[in-house]
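Have a look at the structure below, then the notes.
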Number of protein chains: 2
Amino acid sequence: MSFEYTPPKYAQLITELERRIDSGEYPAGSLLPSEHTLMAEFGMARPTVVKALGVLRDQGWIVTQQGKGRFVRGRPAIPKDQKARTGRELLDRTETQAASKLLAAGPVEAPNRIAAYLGLEQKSAVVLRKILVERDGEPTEISATWVPATVAEGTALAESADLRQGIRRYVESAAGVSLDHIIEHITARNPTAEERKLLGVKTSAALLAVYAVACDATGKPWVVVETVLPGDLHELEDAYPIR
Amino acid sequence: MSFEYTPPKYAQLITELERRIDSGEYPAGSLLPSEHTLMAEFGMARPTVVKALGVLRDQGWIVTQQGKGRFVRGRPAIPKDQKARTGRELLDRTETQAASKLLAAGPVEAPNRIAAYLGLEQKSAVVLRKILVERDGEPTEISATWVPATVAEGTALAESADLRQGIRRYVESAAGVSLDHIIEHITARNPTAEERKLLGVKTSAALLAVYAVACDATGKPWVVVETVLPGDLHELEDAYPIR
DNA sequence: GAAGCCCGCTTGGTTAGTCAAGTGCACCAA
DNA sequence: TTGGTGCACTTGACTAACCAAGCGGGCTTC
């Protein structure tokens, strides 16, 4: 029995063309060999060549122009692999890996903003986990997770032990759903009294507040993660194509 | 001569399947008709059917499982059409459409942060356009655009007349490049003396500052748009898939 | 009754060929 | 010289057919 894995032909062609573009053999702005030429060189049928070129176009390596040919753009500047989005990172972070201190874990009444995000009545019961994250021994971030009590009760989410996996796993198994996307809300505000004390900032400090609402494929919200960052210590970065 | 446009067959199939999913004819979680069935019903060859289904999978309408079939997920919760990203919106906004007042337009020395974003030496010459945007008669946002002087000089960017098209058009034609993507930096800070006066906020107010760096396909930066928003008036929203 | 094989279903990948539509150049005629 | 025609080359869309691989149920065999 053989367990070798040979990638499909079109994938091999993709790899080879990416290599040639990276190496400068096909410089940016130049015309790529035509479908016919590639068919001859690689011994593939036209649909196979076209499929590979279609993937390269979708990923931004090349642009095509009917009647003229395909032009090299170069390696796409925005890597398609996971950009570090704040909300996604919060959802998959474990409490043990970050230098963090658990401040609270248990049932509370949902604040208005959180109830609205979760689609609950005001003052509904939710489970809150609050964490103080330190960097270089200094408090640098407060992170809070809200889950509807109907989902969280009876699970590790409501207990004081550090979570050993990311929030997402717990919510997905407790609710029996697969979290699909995140809706992020970002705003700036002054600290509450508690935040002022925990973060050691002035009353007038400008804080960055990020609310990440994680929803399933139907758009139903299941968990809200809030993180509060002093603006003078943090900056969020994000990259996206213009069109 | 006829100028009718008939969309390709695979696109017609996509439209029809989306309609059936939306209408509930193919409920979420159900098994889609097999490729063979669709071939028979719509009178298309298999690659045509497969191409349509591939698009639907990429857009999140369905998931496929080799050996079992394709399962309906429902209309994707995140619409693929242009999400209103702050930076993109700033770049295409015209100065005439927003109720705005031009505060400055002309050459200045680049502040450190802007020079860094543009990849210029400190205190390089740049052209600055600063605008105060009002909503309901109240000042609500300060927007500033920074373009290297080598690009902007001699163009409408350095003049006091309102720009009649978005910043992007001007920069693209002045620099002879096509802007490809945006790198966005978000932070929170207290207002400068000027911002305090213009926005009518307190010294201790928390402002949201967004820096959008627009780059061409090679990653070279061409323009920075900064927008400053009082945190108590504004909230940025963004949606993205988890994986 | 249980284990294992086989077959029919599904999707994934590939081929060879057709026709249509857009682009640019060479050639020819006025 | 100028204008138009036609051809060669490009990508876009589509077809019919084939084999491979994953899944599951039914049948056979022990």
Side-chain angles (χ1 to χ4, degrees), chain A residues 1-18 20-21 26-74, chain B residues 1-18 20-21 25-74 178:
Chain A
M1 252 189 296
S2 154
F3 291 97
E4 298 164 21
Y5 167 69
T6 49
K9 279 193 179 183
Y10 75 93
Q12 297 176 32
L13 179 53
I14 290 173
T15 308
E16 174 60 15
L17 292 178
E18 287 179 353
R20 292 189 184 180
I21 292 174
Y26 295 158
S30 68
L31 194 56
L32 216 61
S34 74
E35 297 174 358
H36 183 76
T37 311
L38 292 173
M39 285 169 62
E41 176 177 357
F42 292 93
M44 299 175 182
R46 188 162 164 251
T48 308
V49 172
V50 169
K51 179 162 186 176
L53 293 171
V55 173
L56 289 175
R57 186 199 51 213
D58 291 345
Q59 294 185 355
W61 288 82
I62 59 178
V63 290
T64 77
Q65 215 169 322
Q66 189 182 150
K68 297 185 74 173
R70 295 179 159 86
F71 295 87
V72 179
R73 283 185 61 190
Chain B
M1 251 190 297
S2 152
F3 291 97
E4 297 163 22
Y5 168 68
T6 49
K9 279 194 180 183
Y10 74 92
Q12 298 176 30
L13 179 53
I14 291 173
T15 307
E16 174 61 15
L17 291 179
E18 287 179 352
R20 292 189 183 179
I21 293 174
E25 189 171 345
Y26 295 158
S30 67
L31 194 57
L32 215 61
S34 75
E35 298 174 358
H36 184 75
T37 311
L38 292 173
M39 286 169 61
E41 175 177 357
F42 291 93
M44 298 174 182
R46 188 163 163 256
T48 308
V49 172
V50 169
K51 179 162 187 177
L53 294 172
V55 172
L56 290 175
R57 184 197 53 212
D58 291 345
Q59 294 185 355
W61 288 83
I62 59 178
V63 290
T64 75
Q65 219 169 318
Q66 191 182 157
K68 298 186 73 174
R70 295 179 159 88
F71 295 86
V72 179
R73 283 185 62 192
S178 161

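Residue numbers start from 1 in every chain, and the chains themselves are labelled A, B, ... in the order their sequence lines are given, proteins ahead of strands. The analysis underlying the following values was restricted to heavy atoms, covering all of them including side chains, and did not include hydrogens, waters or symmetry mates.
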How many whole angstroms separate atom CD of B:Q66 from atom C1' of C:dG13? 10 Å
Reckon B:S34 has a side-chain N or O less than 4.0 Å from the OP1 or OP2 of C:dC9? no
A:K68 or A:P8: which one's nearest nucleotide on DNA chain C is closer to the 5' end? A:P8
Atom NE2 of A:H36 and atom C1' of C:dT15: how far apart are they, to the nearest Å? 16 Å
Between D:dC23 atom P and B:Q65 atom CD, what is the distance in whole Å? 7 Å
Report the distance from atom CE of A:M44 to atom P of C:dA16, rounded to the nearest whole Å. 12 Å
What is the separation between atom CG on B:L38 and atom C1' on C:dC9, rounded to the nearest whole Å? 15 Å
Would you mind reading off the distance between B:F71 atom CZ and C:dT11 atom P, rounded to a whole angstrom? 10 Å
Could you grab the distance from atom CG of B:L38 to atom CD of B:E35, nearest 0.5 Å is fine? 8.0 Å
Which nucleotide sits closest to the side chain of B:K9: C:dT11, D:dC14, D:dG12? D:dC14
If I take atom CE in residue A:M39 and atom C1' in nucleotide C:dT14, what distance separates them, rounded to the nearest angstrom? 12 Å
Return the value, rounded to whole Å, for the distance between atom CG of A:L32 and atom C1' of D:dT10. 13 Å
Between the CD atom in A:Q59 and the CD1 atom in A:I14, the distance rounded to the nearest 0.5 Å is 6.5 Å
Considering just the side-chain nitrogens and oxygens of B:Y10, establish if one lies under 4.0 Å of OP1 or OP2 belonging to D:dC14. no
Shortest non-hydrogen contact from A:R20 to A:E41? NH2-OE2, 2.6 Å
Can you tell me which nucleotide in C:dG17, D:dA13, C:dT14 comes closest to the side chain of A:P47? C:dG17
Quick check for you: to the nearest 0.5 Å, what is the distance between A:H36 atom NE2 and A:R46 atom CZ? 11.0 Å
Phosphate-side-chain proximity, A:K51 and C:dG12, N/O vs OP1/OP2 below 4.0 Å: no
Just one of B:V72, B:I62, B:L31 clears the side-chain contact (heavy atoms from CB on, under 4.5 Å) bar with B:Y26, so which one? B:V72
Is there a side-chain polar atom (N or O) of B:T48 under 4.0 Å from OP1 or OP2 of D:dA13? no
Under 4.0 Å, counting only non-hydrogen atoms across every strand here, what does A:R46 touch: a base, just sugar-phosphate, or nothing? base
